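Following: one structure in structure tokens, then a few remarks.
Values below: every heavy atom of this structure, side chains too, minus hydrogens, waters and symmetry copies. Not measured: the values here are computed from a predicted model.
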Amino acid sequence: MADAEHSGRPAEAFGATAVDTTRARLRAARLGLWLVAAVLALRQVAVVLRTPRGERLTDLETWVGPNGVLHVNGSLYDSTRFTGTPFGGLVLKPLTRAAEQALGWGWTFGTLLLVAALGLVVARALPQPISRRTSLLAAPVAISLLMLSLPVRNTLWLGQTSIIPVLLVLLGCFALRDWRAAGALIGLAAALQPTVLLFAALLWFTGRRRAAAATGATFAGGTALAWAAMPHDSYTYWVHHMAGVGLGGKADALANQSLHGALLRLGVSGPPEIGLFLTLGAAVALLGIHRAVRYAHDGQLLLAVALTGCAAIAVSPTTWQHQLLWVLLAVVGRVGKRASDRYVWPVAVILVTTLPAKMMLPNMAALYFLRDNGVLLAAIAAATLVPFLPRKSPYYRAPIPTEYAEPIPTRWKHVPLLPFMKRVLTRPNLLLELLLIRVTYAAYQQVRLAATGGTNSGGRARAETHGQQVLDLERFLHIDIEHWANHAVVKVDWLRNFFDFYYESFHFVVPLTVLALLYWRRPVDYRWARASLGFATLLALVGFWLYPLAPPRLMPNLGVIDTVHGVQDFSKPDYGTLTALTNQYAAMPSLHFGWSLWCGLVIAIVAPKWWMKALGLLHPFFTVSAIVATGNHWVLDAAGGAAVVVGGFGLSYLFMGPRARFATATARTTAAEPAQEKDPKKEKDPAPS
């Protein structure tokens with residue numbers, strides 16, 4: 001036994017087993033991510049090819065179709081439908097000889113191949129040093145994010161060329177060592193998209209001056225070639241339209257995410273707008289290039305390329321949605337000293353580049369400017385404001401760790417805890433919480449409406465059938481009190497007004513208030529309560545989807561008076577009231593009662609005094625009275641709401657453990673104890689990228 005221990009063989013065998021297990025898990029994760037990327041690619045192809053002809057690849061059809069501008073004699077810009085450079089038109093003209101159907105298929109699959117190549121280049125360009133796990137998983141993750149992004153989806157839908165300049169720049173910066181070839185690729189990208197010339201400045205100030213000169217020479221050569229072949233078109237584009245200004249859609253359209261478009265949407269026009277645009281554009285370009293050069297010298301060349309691209313987005317007179325891919329590349333920057341803050345920037349970038357603007361911010365007039373210019377503001381922030389960490393920062397690789405509560409064994413050991421739901425002691429990042437709450441609620445609204453096929457009239461018959469089933473069951477149980485309660489309340493004006501007010505006013509106010517107080521005073525309880533509420537809402541969405549149900553107020557011949565929304569006209573498919581805004585048949589389970597019960601239970605559990613607990617439990621009592629009396633829910637809907645709340649608390653217990661009432665930290669680190677305590681003279685600097 002001593003000999004075996006001395007020989008080290010058992011330890012070696014154990015270490016080999018652990019390494020093999022880790023490698024197997026890594027291979028499985030990598031395979032799973034590649035499958036996700038493949039599924040997303042196939043989905044994008046299916047969306048494009050299932051769209052009726054004439055509604056897909058519209059830009060491509062405009063260019064190379066039977067009556068496309070590349071076929072017609074005369075200027076490419078007579079109709080302003082072609083927005084590319086004359087050099088772009090010169091390159092595309094040979095494609096007009098191809099069969100239209102084959103060109104459409106070829107263009108779609110060719111674009112997918114370009115996206116895959118872009119993801120591979122981005123994965124290899126990540127700033128060093130990176131872990132083996134990151135290097136293996138980066139490529140499928142990058143390709144998946146690109147497939148989900150709005151610029152790529154718009155490119156596939158329209159049949160655009162906007163991915164090509166981005167890929168050419170990345171190939172020139174990362175894939176080619178020869179300065180002539182690298183500069184030529186970036187110059188070609190600039191010939192297709194003139195604002196790419198900003199990368200010549202990046203090359204120049206980072207010491208690659210020969211490549212910068214080659215970029216300028218290639219751009220000038222391509223532009224001169226196009227001018228010689230199409231002098232009238234070149235004059236129209238470069239002189240008459242001032243490098244494409246005014247081509248395509250209206251410059252003040254929401255699709256134009258540039259400073260010029262934002263200023264026009266603000267109502268500024270004429271010479272003041274031009275002067276302001278030139279001033280702000282110059283400031284963004286200078287500051288963006290300055291920051292990009294600094295991060296390039298720091299070894300974060302991919303971040304520097306992304307910041308230069310973000311500056312190009314802002315300074316271009318027209319930057320359409322399919323040209324916004326540079327913003328997504330800025331996700332590689334690291335922001336924040338704390339580990340809990342590290343996710344804010346990448347999450348914000350991914351959401352703003354993948355989701356419609358209306359899902360990011362509420363539909364409030366005061367927020368219209370932020371909502372309408374979200375991608376532009378993200379690009380400007382990345383280029384000029386966001387404090388990305390340099391690699392020499394002690395927090396770059398080792399942020400201040402999060403404090404976790406000690407694990408409690410009183411749960412089902414055969415069900416593993418979810419690592420992202422560990423019982424954290426510190427307060428979460430507020431910006432990230434607000435962003436995720438807003439996006440989650442917007443998704444919740446979309447799923448509610450989609451449960452009836454996108455329209456209430458589409459699910460009316462099924463919902464009314466389910467309503468009759470619920471009514472029959474309540475009659476069997478002798479709890480069908482909806483008609484009696486509704487008419488009793490209608491006869492008493494002050495009681496009717498009270499329940500109408502309670503139904504309309506407290507559904508969102510009370511849960512948000514409870515979450516806010518817990519966030520500020522009890523961060524550990526906040527995470528537990530938030531997770532429980534999220535699980536309960538998710539279970540409710542399943543109920544809405546599987547069992548659309550007409551509430552009593554929307555049941556014909558039942559005689560229930562809708563005290564909140566007014567008299568319903570059952571001769572109209574959508575009854576004429578609010579049905580275009582939300583799913584009127586999302587009644588089972590009742591989240592009005594479910595959320596109020598969640599509030600009451602949370603207050604009863606965490607409140608320090610008995611009267612606070614009693615006051616909290618009054619809220620679900622008043623809510624269930626209001627939803628029944630106003631005719632908006634059946635009694636069994638409240639029972640369903642209670643069931644999903646119990647399920648939400650149960651799932652929280654299952655995946656994150658019991659509520660940490662007397663939690664102690666397992667890893668406690670303060671801002672005064674970062675990684676810089678190590679002697680820098682004894683630590684070997686990582687190899688520069």
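Interatomic distance, Thr623 OG1 to Tyr503 OH, rounded to the nearest 0.5 Å: 10.5 Å. In this structure, CG on Asp480 lies 10.0 Å from CG on Leu473, to the nearest 0.5 angstrom. Here the CE atom belonging to Met555 is positioned 9.0 Å from the CG atom belonging to Asn557, to the nearest 0.5 angstrom. In this structure, the separation between CG on Leu329 and CG on Leu307 is 10.0 Å, given to the nearest 0.5 Å. Rounded to the nearest 0.5 angstrom, Leu546 CG and Met588 CE are separated by 12.5 Å. From Leu615, atom CG reaches atom NZ of Lys609 across 13.0 Å, with rounding to the nearest 0.5 Å.
Closest approach of Cys310 and Ala379 over heavy atoms only: CB-O, 3.4 Å. Here the shortest heavy-atom pairing between Pro552 and Asn632 reads CD-C, 4.1 Å. Nearest heavy atoms, Glu433 versus Tyr519: CG-CE1, 4.4 Å. Across every non-hydrogen atom of Ala638 and Val624, the tightest pair is CB-CG2, 3.8 Å. Across every non-hydrogen atom of Gln300 and Leu389, the tightest pair is NE2-O, 3.0 Å. Contact detail for Leu126 and Val332: the closest heavy-atom pair is CD2-CG1, 3.8 Å.
Using a 30° and 60° split on the angle between ring planes, Phe622 and Tyr502 fall in the tilted class, from 30° to 60°. Between His507 and His592, the two ring planes are parallel [angle under 30°; tilted spans 30° to 60°].
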key: side-chain contact (heavy atoms from CB on, under 4.5 Å) between Arg553 and Ile561, worked out   = CA-CA 6 Å; Arg553 65 182 179 86; Ile561 300 172; over 6 Å; no

ask   = Can Leu324 and Thr353 be said to form a side-chain contact (heavy atoms from CB on, under 4.5 Å), step by step?
value = CA-CA 8 Å; Leu324 302 172; Thr353 55; over 6 Å; no

ask   = Between Ser590 and Trp634, does a side-chain hydrogen bond (donor to acceptor under 3.5 Å, both in side chains) hold up when you go through it step by step?
value = CA-CA 9 Å; Ser590 169; Trp634 307 93; over 6 Å; no

query = What do the steps show when you test Phe369 against Leu266 for side-chain contact (heavy atoms from CB on, under 4.5 Å), and what is the final call?
reply = CA-CA 8 Å; Phe369 178 77; Leu266 281 174; 3.6 Å; yes

query = Going through the checks in order, is the side-chain contact (heavy atoms from CB on, under 4.5 Å) test met by Glu474 and Glu482?
reply = CA-CA 10 Å; Glu474 288 191 351; Glu482 291 83 8; 2.6 Å; yes

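For Tyr526 and Trp520, the ring centers are positioned 6.0 Å apart or more.
When side chains are defined from C-beta on, Thr354 does not count as touching Leu150, because their heavy atoms never get closer than 4.5 Å. The shortest side-chain heavy-atom distance between Phe649 and Ser652 does not fall under the 4.5 Å cut-off. Ile481 has its side chain within reach of Val635: a pair of non-hydrogen atoms, C-beta onward, lies under 4.5 Å apart. Counting only heavy atoms from C-beta outward, the side chains of Thr563 and Asn497 never approach each other to under 4.5 Å.
Between the Arg522 side chain and the Leu517 main chain, no donor and acceptor come within less than 3.5 Å of each other. Counting only distance, with no hydrogens or angles, the side chain of Lys337 and the backbone of Tyr395 share no donor-acceptor pair below 3.5 Å. Here the side chain of Arg496 pairs no donor or acceptor atom with the backbone of Val490 at under 3.5 angstrom.
Stacking of Arg334 on the aromatic ring of Phe388 is not recorded, the 6.0 Å distance cut-off and the 45° axial limit not both being met.
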